[in-house]
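The figures here come from the full heavy-atom set of this structure, side chains too, leaving out hydrogens, waters and symmetry mates. Nothing here was measured: the structure is a model prediction, and the numbers come from that model. Every number for a ligand or one of its atoms is a count from 1 in the order of the listing.
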Amino acid sequence: RAKQEGRQGYQFFTQEMQSRSVRNLQIVNALRQAQQLNQLQVYYQPQVSIADGQIIGAEALLRWWHPELGSVSPAEFIPIAEDSRLILSIGEWVIRQAVRQAKDWMKQGFAPLIMAVNLSAVQFRHHDLPALVSRILTEENLPPECLELELTEGVAMHNPQGAIAIMNNLHARGVRMSIDDFGTGYSSLSYLKKFKSYKLKIDQSFVRDINTDVEDKAIVSAIISLAKSLGLKTIAEGVETHDQLSFLKEQGCDEMQGYLISKPLPSDQFEALLNTYRSPSS
Ligand code: C2E
Ligand code: MG
Ligand code: MG
Ligand code: MG
């Protein structure tokens, strides 16, 4: 009986593996053409200062719509783009779009925004990244301090010595760095101190039940005091309710991002939001 179960288990495993790799293959093939076929779009989600409720930044988030696959989540296609190294050309395109958009909003006379762009592991470790970022900023004529690059805690801590060198290089070029999904990796505090980062992004998994779960409360307030003692800013991800916001405000969190303010939006809708925005705390 045990044998039979084992065999069935094995069969199930291979079938699941197979359909997953079929889907992955479909995605890689479709993704190869996505750029040329204009299927990719960058959305922007506002980042808001908790103290005064103003929109002070935007996170660029990639969207992909394919005629047969429909809308595919970046959580699914980014890892596949990483494995196939397609992320290098796609990622370069995202940085270019986001920087160009930030410049456009600046030219239109909106209050200066900091544009945050996600970096994947492959992009971050690619030898050309710092020069590429400088080149794009120069070509699009955007001051480097208007760009912030988000690196997940997991990627930063995977090889902390290497990460420090790359962050120093980007920092020297005037670009800001933030540590994304903070709290989900295993940070060594001694490295965290050496990272040239500016901001910790508190992962949304801790924010979700912040008003009811005592452990999440404790984790979030610990992250905020850790950041304060290291001279870093904090931003909470995934803020959806006023109760979450009140707790974060009470704890001294600097910024927030989430559906309470807005979902990620196409650039024209983000622009409309900039024109009509009223902060939720006023
Ligand atoms: P992330 O950088 O941690 O982005 C935050 C995710 O949370 C986004 O999902 C965003 O849409 C979602 N979110 C924002 N506010 C709320 C909220 O109030 N509630 C909930 N439930 N979710 C919220 P999205 O856009 O699906 O992106 C998922 C991940 O894919 C990102 O996580 C990032 O790691 C990756 N990604 C997205 N765009 C890019 C890109 O251009 N380059 C790279 N390398 N990765 C990207
Ligand atoms: Mg991010
Ligand atoms: Mg995140
Ligand atoms: Mg994430």
Side-chain angles (χ1 to χ4, degrees), residues 27 31 34-35 39-48 55 57-65 70-101 114-126 129 132-133 136 147-156 176-185 197-211 220 223 234-245 248 255-267 269-270 273 280:
I27 289 182
L31 206 51
Q35 256 177 301
Q39 293 168 352
L40 299 177
Q41 214 184 334
V42 181
Y43 276 42
Y44 301 92
Q45 186 177 37
Q47 299 184 327
V48 161
I55 297 178
E59 179 175 4
L61 291 157
L62 191 54
R63 295 291 177 262
W64 177 28
W65 191 86
S71 146
V72 187
S73 158
E76 183 176 19
F77 73 78
I78 295 283
I80 297 172
E82 282 258 294
D83 291 344
S84 59
R85 299 185 70 82
L86 278 170
I87 193 65
L88 290 174
S89 64
I90 293 173
E92 175 174 348
W93 180 83
V94 174
I95 299 171
R96 172 84 62 183
Q97 293 299 306
V99 164
R100 198 173 274 172
Q101 188 60 74
I114 292 172
M115 180 61 79
V117 179
N118 292 283
L119 286 183
S120 73
V122 170
Q123 278 177 287
F124 179 65
R125 297 197 193 105
H126 192 259
L129 177 79
L132 171 73
V133 169
I136 292 176
L147 179 66
E148 183 172 293
L149 297 173
E150 296 192 0
L151 186 68
T152 65
E153 184 187 17
V155 171
R176 302 185 187 206
M177 303 282 315
S178 63
I179 308 292
D180 204 354
D181 302 350
F182 191 79
T184 61
S197 81
Y198 167 78
K199 205 190 268 184
L200 299 183
K201 298 197 76 178
I202 304 170
D203 191 67
Q204 51 188 338
S205 61
F206 304 114
V207 174
R208 197 171 303 128
D209 302 322
I210 211 177
N211 297 108
V220 169
I223 293 175
T234 44
I235 179 165
E237 299 189 278
V239 178
E240 297 183 355
T241 69
H242 281 99
D243 287 346
Q244 290 168 337
L245 172 57
L248 291 163
E255 298 167 19
M256 66 161 154
Q257 184 180 344
Y259 297 166
L260 179 63
I261 306 294
S262 167
K263 293 197 170 191
L265 301 169
S267 58
Q269 288 178 38
F270 188 94
L273 180 74

Taking the N/O/S atoms of Asp180 one by one, which is nearest to the Mg ion (ligand 3)?
-> OD1
Would you mind naming the N, O or S atom of Asp181 nearest to the Mg ion (ligand 3)?
->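 Relative to the Mg ion (ligand 3), the closest nitrogen, oxygen or sulfur of Asp181 carries the name OD1.
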With Gln47, the side-chain contact (heavy atoms from CB on, under 4.5 Å) member among Met115, Lys201, Met256 = Lys201
Using side-chain contact (heavy atoms from CB on, under 4.5 Å) as the criterion, point out the one residue from Arg63, Gln257, Gln269 that pairs with Pro264.
-> Arg63
Is the contact between [X] and ligand 1 made by the side chain, the backbone, both, or neither, using heavy atoms and a 4.0 Å cut-off?
| X | answer |
| --- | --- |
| Asp180 | side chain |
| Leu62 | both |
| Lys201 | neither |
| Pro264 | side chain |
| Glu237 | side chain |
| Asp181 | side chain |
| Asn118 | both |
| Lys263 | neither |

Does the side chain of [Y] come within less than 4.5 Å of [X]'s, by heavy atoms?
| X | Y | result |
| --- | --- | --- |
| Leu40 | Trp64 | yes |
| Gln244 | Leu260 | no |
| Pro46 | Leu273 | yes |
| Tyr259 | Gln45 | yes |

Would you mind naming the N, O or S atom of Glu150 nearest to the Mg ion (ligand 2)?
-> OE1
Specify which N/O/S atom of Glu59 comes nearest to the Mg ion (ligand 2), by atom name.
->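 The Mg ion (ligand 2) is closest to the Glu59 atom OE2, counting only N, O or S.
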Closest by any non-hydrogen atom to atom 6 (C) of ligand 1: pick that one out of Gln123, Gln204, Gln97, Glu240.
-> Gln204
Determine whether any heavy atom of [X] lies closer than 4.0 Å to an atom of ligand 1.
| X | result |
| --- | --- |
| Gly91 | no |
| Arg208 | no |
| Gln257 | no |

Could you tell me the separation between the [atom1] atom of [X] and the [atom2] atom of [Y], rounded to the nearest 0.5 Å?
| X | Y | atom1 | atom2 | result |
| --- | --- | --- | --- | --- |
| Ser197 | Met177 | OG | CE | 8.0 Å |
| Ile136 | Trp93 | CD1 | CH2 | 12.0 Å |
| Leu62 | Gln41 | CG | CD | 9.5 Å |

May I ask you to check whether Asp243 and Thr241 show a side-chain donor-acceptor distance below 3.5 Å?
->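 There is no such pair (donor and acceptor under 3.5 Å, judged by atom type) between the side chains of Asp243 and Thr241.
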Cut-off 3.5 Å, side chains only: do Gln123 and Asn118 have a donor facing an acceptor?
->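 Note: Gln123 and Asn118 side chains miss the donor-acceptor criterion.
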Under 4.0 Å from any heavy atom of Ser120, which atoms of ligand 1 are there?
-> 44 (N)
Any N or O of Pro74 closer than 3.5 Å to N or O of ligand 1 =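 Between Pro74 and ligand 1 (N or O atoms, distance only) the closest approach is not under 3.5 Å.
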Indicate yes or no: does an N/O atom of Glu59 lie under 3.5 Å from an N/O atom of ligand 1?
->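 Yes, at least one N or O pair falls under 3.5 Å.
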Minimum heavy-atom distance between Glu148 and Lys199, given as atom pair plus value =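 Heavy atoms of Glu148 and Lys199 come nearest at OE2-NZ, 3.4 Å.
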